[in-house]
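The structure is given below, and queries will be raised subsequently.
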2 protein chains.
Amino acid sequence: MAIRPAEQLIHKAAWLYYAHGLRQDEVASQLNISRASVAMYLRKARETGIVNISTSTQLFTDDVVARKVEDAFGLDAVWIAPENAYLADPSTDIAVLAASVFLELVKKGDRIGVAWGRTVYTIADIMSFADLQDVTVVQLCGNLGAPYSYRPDQCTMEIARRLNAKGLNFYAPLVLSTEELAESLRAEPVIRDQLAGIADCDLALYSVGAVDADSHLVKCGALTPAEMDGLRSQGAAGVIAGQIIDARGEMLDCSYNRRVISAELASLRAIEKRLMVVQEDTKFEPLLSAIAGGLCTHLVIGAHMAGRLLQYAEAASKKAS
Amino acid sequence: MAIRPAEQLIHKAAWLYYAHGLRQDEVASQLNISRASVAMYLRKARETGIVNISTSTQLFTDDVVARKVEDAFGLDAVWIAPENAYLADPSTDIAVLAASVFLELVKKGDRIGVAWGRTVYTIADIMSFADLQDVTVVQLCGNLGAPYSYRPDQCTMEIARRLNAKGLNFYAPLVLSTEELAESLRAEPVIRDQLAGIADCDLALYSVGAVDADSHLVKCGALTPAEMDGLRSQGAAGVIAGQIIDARGEMLDCSYNRRVISAELASLRAIEKRLMVVQEDTKFEPLLSAIAGGLCTHLVIGAHMAGRLLQYAEAASKKAS
DNA sequence: CACGGCTCTCGACAAAAGTCAAATTTGGTT
DNA sequence: AACCAAATTTGACTTTTGTCGAGAGCCGTG
């Protein structure tokens, strides 16, 4: 990377420009360099996280609907991206919101668990940079081969890079061919330590997957569409960190789950802040299961999904009374 | 202030521009308003603290000298503004740095004590805006009349305004004419509560004053130059929140101090983070006294002052050995 | 209902910031 | 010492942003 004096210059330029409010040409003459260089330094400063530009996500929690969802499902905080008037692509809006919320939740010294999926990767991709030297980002589940562009380790590393944090990868496959092999691999010191360290996280970031042929598990070849169907008829309701959960949010008792190397649900529940982000409206049932299983304390969803959740909660409470 | 829909628009504009990275004209067409309005909304968003632009103060603590000062005086953190190559007015640089450091130290839910003086007011004046709704800013000392533009309550209120926080003022004069009156006023429930609440603060912001005719105490008429001289010969070494301290950083035993309504030193010491900012090089002795009295855990000073502190510490350790 | 007084909005211009290819410096290697 | 490759810097150009006065809309009041 850049050597010492360059770092220094970037910092000085950022300081004069953002803190003192000088114009770029003023900064340039102060530092005896051209204005173009100043512009470049400033871009680097933003990319390095030396300067931080963050917008409050207040408005998205202030929403009445968000409050209702919090109450109905006993969640700590809910953010709702208004799907209507905003952007062409609503799912981008959810990801941008999720990235902001994530950065708001991260604190110095934190240990962060990151799972895997299109949603998580999208978030990592649009997340702005920050300078959190003493943060550790740990991978929550084993790796999957290359056919897909967003692999578990990539999610972890990309987020670590953006935060200027340490990334801790999982050097094991997500799923193995026999239960015995998975068992012995889990007993390996390297893997065991990594798994044990998950419960020590302060914050987790994941989504929940649907149990259908579109799932990453199918696309990556971990499961065939037929196997997926079979699991569904056995009660599979969602996918968390590469593992199949049932409607109560508990691990489904099946061979696949026993062959997987990933975070135990108990470890995930031990994490104080569990940020779940759901982009697709089709993931209603999986989300319900995850909430039921206590796998989520903080939630980022779209307006439509929020509506469905509320509708469901109201129906449930009516039936109860 | 602005009504609801306007707030909403500001927020949306800020969101699309800063979080999504759209251009102003794109935001304008999204929201069906002119680009000029977008520019105006964005300015308001910055002024309201809906968007936060902060630059890391890392570089100023990373300094070797800063480390040495920390070690020599047992301080938690020291920031040094390099006085040479930067700006025309070095004292502005210290204030800007102090404001950034202050904003970095403030956390949600904090209670902040603010004292009074030119330094504090300068910091308040250049501090950028933030949106910390659940923060309380309390005034550390009684009020002084109007001849001066920066009164204690103004310092408090201005900082509260910038943070979008609650301001808690002190409705009592800083200094009274008799000790008896001060005594009874301190016993008043309103005042007593305020004084008692100071020890509950999480963060304090103050400077230290010099004991000379330039002091605010003299300029505001609380003391005459002659009285000031007298106090100095009695051992006065500095001014903290309107009170006179001696070289050990303890309250000087004098009539003036007994007539003052202000935070007790013990309350100040009970505050976890005590951020002291010193702009003028002439305040070397007062600063030493304040440090000696444990009135400061975090320190923002200029390079020259840092040099003098180190020189002093080295001389002291040499004598000791 | 017409009249100020008020804020909000817009168009046009000026100022500032971003970009890119060419030139220059830097650091390392033969 | 000479050379090359990579990184840095710059000037010239384009795009984007800030600003200001004019005009439009919106009350409460006489």
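Convention: sequence-line order gives letters A, B, ...; per-chain numbering from 1. None of these values were measured; they are calculated from a predicted model.
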Original post:
Per the side-chain contact (heavy atoms from CB on, under 4.5 Å) rule, which among Val27(B), Leu22(B), Leu16(B) passes with Val38(B)?
Top reply: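 Among Val27(B), Leu22(B), Leu16(B), the one that satisfies the side-chain contact (heavy atoms from CB on, under 4.5 Å) with Val38(B) is Val27(B).
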Original post:
Given atom CE of Met40(A) and atom P of dT10(D), what is their separation to the nearest angstrom?
Top reply: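 Nearest whole value for this atom pair: 10 Å.
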Original post:
In whole angstrom, what separates Asp25(B)'s CG from dA17(C)'s C1'?
Top reply: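 Interatomic distance, CG of Asp25(B) to C1' of dA17(C): 15 Å.
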**OP:** Would you mind reading off the distance between Arg23(A) atom CZ and dT17(D) atom C1', rounded to a whole angstrom?
**Re:**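 For the pair Arg23(A) CZ and dT17(D) C1', the rounded distance is 14 Å.
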Subject >> Below 4.0 Å: OP1/OP2 of dT15(D) and any side-chain N or O of Gln24(B) >> reply: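 For dT15(D), OP1/OP2 do not have a side-chain N/O of Gln24(B) under 4.0 Å.
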Subject >> Distance-only polar pair, side chains of Asp131(A) and Asn164(A), donor-acceptor under 3.5 Å >> reply: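 Present: a donor and an acceptor within the cut-off.
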**OP:** Let me know the distance between OH of Tyr41(B) and P of dT7(C), rounded to the nearest Å.
**Re:**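 Distance check: Tyr41(B) OH to dT7(C) P gives 15 Å.
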**OP:** Report yes if a side-chain nitrogen or oxygen of Arg35(B) is closer than 4.0 Å to either non-bridging phosphate oxygen (OP1 or OP2) of dG18(D); otherwise report no.
**Re:**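 For dG18(D), OP1/OP2 do not have a side-chain N/O of Arg35(B) under 4.0 Å.
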**OP:** Would you confirm whether the ring centroid of Phe60(A) sits within less than 6.0 angstrom of the ring centroid of Trp15(B)?
**Re:**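 Centroid separation for Trp15(B) and Phe60(A): below 6.0 Å.
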**OP:** Please check the phosphate of dT9(D) (OP1 and OP2 only) for any side-chain N or O of Ser34(A) closer than 4.0 Å.
**Re:**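 No, Ser34(A) has no side-chain N/O under 4.0 Å of OP1/OP2 on dT9(D).
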Subject >> Positive for side-chain hydrogen bond (donor to acceptor under 3.5 Å, both in side chains) with His20(A), one of Thr92(B), Thr55(B), Asp93(B) >> reply: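 For His20(A), the side-chain hydrogen bond (donor to acceptor under 3.5 Å, both in side chains) test succeeds with only one of Thr92(B), Thr55(B), Asp93(B), which is Asp93(B).
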Original post:
Under 4.0 angstrom, heavy atoms only, what part of the nucleic acid is Ile33(A) near: base, sugar-phosphate, or nothing?
Top reply: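 Touches sugar-phosphate only.
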Original post:
Please give, in whole Å, the distance from dT25(C) C1' to Leu9(A) CG?
Top reply: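 Taking CG of Leu9(A) and C1' of dT25(C), I get 15 Å after rounding.
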